[in-house]
Amino acid sequence: MDKTKANIRISELRDILNEANRRYYVDNAPTLSDYEFDMLMKELEALEKEYPELRTPDSPTQRVGSDLSGDPTSENLQKKEFEQYPHKYPMLSLGNTYDISEVEAFAERAAKGIGNSFTYSCELKFDGTAICLTYRNGKLFRALTRGDGTIGDDVTRNVLHISNIPQYLSVPEGFIPSQSKPNPWPEEFEIRGEIYMPWAAFDRLNEERLKDEEQPFANPRNAASGSLKLIDSRMVANRGLECTLYHLLGEDLPFQTHDQALSAAQTWGLPVSDKRKTCRGIDEIEDFINYWDTERKNLPFATDGIVIKVNELPYQAELGYTAKFPRWATAYKFKAEQALTKLISIDYQVGRTGAVTPVANLEPVQLSGTIVKRASLHNADQMQLLDIHIGDFVYVEKGGEIIPKITAVELSQRPEDAHLPHFPAVCPDCGTPLVKDEQEAKSFCPNQDGCPTQIQAKLVHFLSRKAMNVIAGDATVEQLYNKALVWNIADFYELKKEHLLTLDGWKEKSADRFLKSIQESRNVPFERVLYALGIRHVGETTAKSVAKHFGNIDAIAAADIEQLLNVDDIGEIIAESIYSYFRNPENIEIISRLKAAGLRFEIGEQKVSLSSSLEGLTIVISGNFSISRDQMKELIALNGGKNSGSVSGKTSYLLAGEKAGPEKLKKAESLGVKVISEKEFMAMIAVSHEAEENSPPAVETENIQPTLF
């Protein structure tokens, strides 16, 4: 791969990984399995190693994901509900591998770096959300999430409702206090670990959510992370969360090994895992890995691997850290658990956008703590690639415990009566001939306005939590649709109480609750209304970008393809989709009715403007700056300017930092677009001393010793 192609692929990988990080840490709704994420990260690392000049400080390879509430860099626009504090010791990530030979290479590097005999501490890798607890004088002082590794959200009030985290430490039996040592623990220390949700609590929670017509959590990890950020602390106590702690930190700790520190913490009443072992070489490490790769299936909680650490604390300090990982620890990730079961039949489901997805019906089988009866086959091409037959015995995986999928067929067990399935030529719901997009593998039903399944799916999407956040689900929509009370999204705002009372099981209270929720949805901000419209290919992030760029629905409706392409991160497919949506008279009529119903169709006040010095100017940025690219874009917006992702005849300036893209520079020169430096840009916006004084202080980390987790 040449440098130009590498640069394009690096940009693609960063976008995919940044979005995946946001989905994982902020939304608690991952779109990639752990394995898929890790493989993409390794591809990015390899390309940046081959072309180090393309590596940037904001690359996902150089920083950890962020779970901070109200973090603008993560595009998370939720209100900052938690106070935030700096970590005394930054919380780094762990390097990981699925290959035992890389664990062997880690051990060899450690041995070479240390040069003396040493041991390893091997522990289960709990699949939850990271937590850092600070104890002062034997009392829990503060609990912080990982955040962005430097700053975390203060969730102390919620942690106090987790039953196995003590508010006060216990004095171990036999301890004799003295003047020099009045307590067995240090005056102040941090201990880090994982908050997780056991399988039993996870299943109970999802059953409750389904009864309430709420979206179930994808896996225990996301359920734990979401529960820890609940605003009502009392609800946390009912979620069944537990904690395990695995890393002690402090000044002048009286321990020589990691295992000694954890054993001491256990005597103080802290929940330390007993499923750990001190190993003396790679053979014992591999035995520990192999044992738990089988036994993990019998655990009452999710675990996705083994963490291997150099046990001796002085040797940990000697090996040190990279920018993102400690050199004295690594994680071996278990491959996704598989199960072999029989394929009974295949259903073909029509989605909100008309995509037809084959779903396998299976003989029930236990997998990763749950019973699996259905699995995705993705599309016709995947079915052909697997050479799948009805009656086959198939291998099912839950990649990262997210969505079950069929990965292979056990041909040796294929029965004689197994037969090939036929992907439908027409929509299984409305009978319209399917079409296949040349740029996609999926087949689609083009009858968007007449296909009952598509219509109902759009209605459900419109009401969903991340869209209009109306208290209703699939069952409510199905009843309303079947009684011809709702045909499109605008109909929701014309429903009367008497209509709702005709639905099965509806009483006064449920009708009032629904209508109140509909009324409150009129206050949903424009970017979420835009997302709720269900325009094909327009997800949450794209809706935010488009709303911010154009400001109101009329400007979007009037935009041509070229203007849509000027929006950051929008390509031809999305631009065509938005353009087509607003050329459909039925869509325009629906929007007109929604306007009359009082929905918000223009951007509200986002942030206080610093100045109007860039008013009317369109600025493209390229390269590296003294601040992150996101912060640079923010400065452009706060001073009245507009940021664009590509240089065109409408570009006012190309703001070029270090290692600016040669193609953008070349295009700017050919179009006569002026190129300015960061220094020239800062002079243009003339940031006042007052603005600097009012900005949040930077967190000093240069002299802080980083540490794991």
Side-chain angles (χ1 to χ4, degrees), residues 24-29 65-72 74 76-91 126 128-170 185-198 201-202 204-205 208-209 212 214 217 220-250 265 268-272 301 465 696 699 709:
Y24 180 99
Y25 287 105
V26 178
D27 295 340
N28 298 314
S66 173
D67 64 16
L68 291 173
S69 62
D71 179 4
S74 67
N76 175 25
L77 300 182
Q78 66 177 313
K79 183 181 177 183
K80 178 180 167 182
E81 299 286 4
F82 296 89
E83 291 296 321
Q84 293 167 357
Y85 295 95
H87 289 295
K88 187 174 182 180
Y89 311 94
M91 293 182 75
F126 287 75
T129 185
I131 194 71
C132 175
L133 308 177
T134 299
Y135 281 86
R136 285 185 181 173
N137 298 315
K139 181 182 178 182
L140 180 62
F141 170 70
R142 182 173 289 153
L144 295 179
T145 67
R146 181 199 299 276
D148 63 1
T150 302
I151 299 172
D153 282 335
D154 183 350
V155 291
T156 310
R157 67 177 188 263
N158 287 354
V159 161
L160 289 171
H161 291 273
I162 297 174
S163 60
N164 72 335
I165 296 179
Q167 185 174 1
Y168 296 94
L169 299 180
S170 304
W185 48 76
E187 184 177 337
E188 180 175 325
F189 67 90
E190 287 185 6
I191 189 162
R192 292 175 174 175
E194 207 87 357
I195 289 173
Y196 63 92
M197 183 174 288
F202 173 70
R204 185 177 66 249
L205 174 62
E208 292 171 358
R209 292 178 71 84
D212 293 336
E214 293 181 351
F217 283 105
R221 176 184 60 209
N222 302 118
S225 182
S227 299
L228 190 62
K229 291 291 190 73
L230 288 168
I231 304 306
D232 186 347
S233 299
R234 294 168 297 179
M235 292 177 65
V236 179
N238 298 323
R239 289 291 176 93
L241 296 177
E242 294 185 14
C243 178
T244 189
L245 301 168
Y246 45 59
H247 193 58
L248 189 69
L249 296 155
W268 307 334
L270 290 164
V272 173
F301 49 79
R465 182 176 61 84
V699 178
F709 309 129

Pair Arg221-Phe202, side chain to side chain contact (heavy atoms under 4.5 Å, CB included): steps then yes or no: CA-CA 9 Å; Arg221 176 184 60 209; Phe202 173 70; over 6 Å; no

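The backbone N or O of Arg146 lies less than 3.5 Å from a partner atom in the side chain of His87, making a donor-acceptor pair. Glu194 contributes a side-chain N or O that, together with a main-chain N or O of Gly128, makes up a donor-acceptor pair within less than 3.5 Å. One N or O on the side chain of Asp148 and one on the backbone of Thr150 form a donor-acceptor pair closer than 3.5 Å.
Within a 6.0 Å radius of CD in Glu187, no more than 12 heavy atoms belonging to other residues, nucleotides or ligands are found.
The distance from the CD1 atom of Ile165 to the SG atom of Cys243 is 4.0 Å, given to the nearest 0.5 Å. Between the CG atom in Leu270 and the CD1 atom in Ile191 there is a gap of 5.0 Å [rounded to 0.5 Å]. Expressed to the nearest 0.5 Å, how far NZ of Lys139 lies from CG of Leu169 amounts to 12.0 Å. In this structure, OH in Tyr89 is found 8.5 Å from CZ in Arg192, a value given to the nearest 0.5 Å. To the nearest 0.5 Å, the span separating OG1 on Thr145 from NZ on Lys229 amounts to 5.0 Å. Distance CD/Glu190 to CZ/Phe141: 10.5 Å, rounded to 0.5 Å.
The shortest distance between side-chain heavy atoms of Arg239 and Leu230 falls below 4.5 Å.
Here the rule is side-chain contact (heavy atoms from CB on, under 4.5 Å) with His161, and of Val236, Leu241, Asn238 only Val236 fits it. The side-chain contact (heavy atoms from CB on, under 4.5 Å) test with Ile131 is passed by exactly one of Leu144, Leu228, Thr244: Leu228.
Looking at every heavy atom in both residues, Met197 comes nearest to Ala223 through SD-CB, 3.6 Å. The two residues Tyr135 and Gln167 come nearest to each other via the heavy atoms CE2-O, 4.0 Å.
Taking Tyr196 as the reference, Glu242 meet the side chain to side chain donor-acceptor pair (under 3.5 Å) condition, with sequence neighbours excluded. Not a single side chain to side chain donor-acceptor pair (under 3.5 Å) links Asn164 to another residue, sequence neighbours left out.
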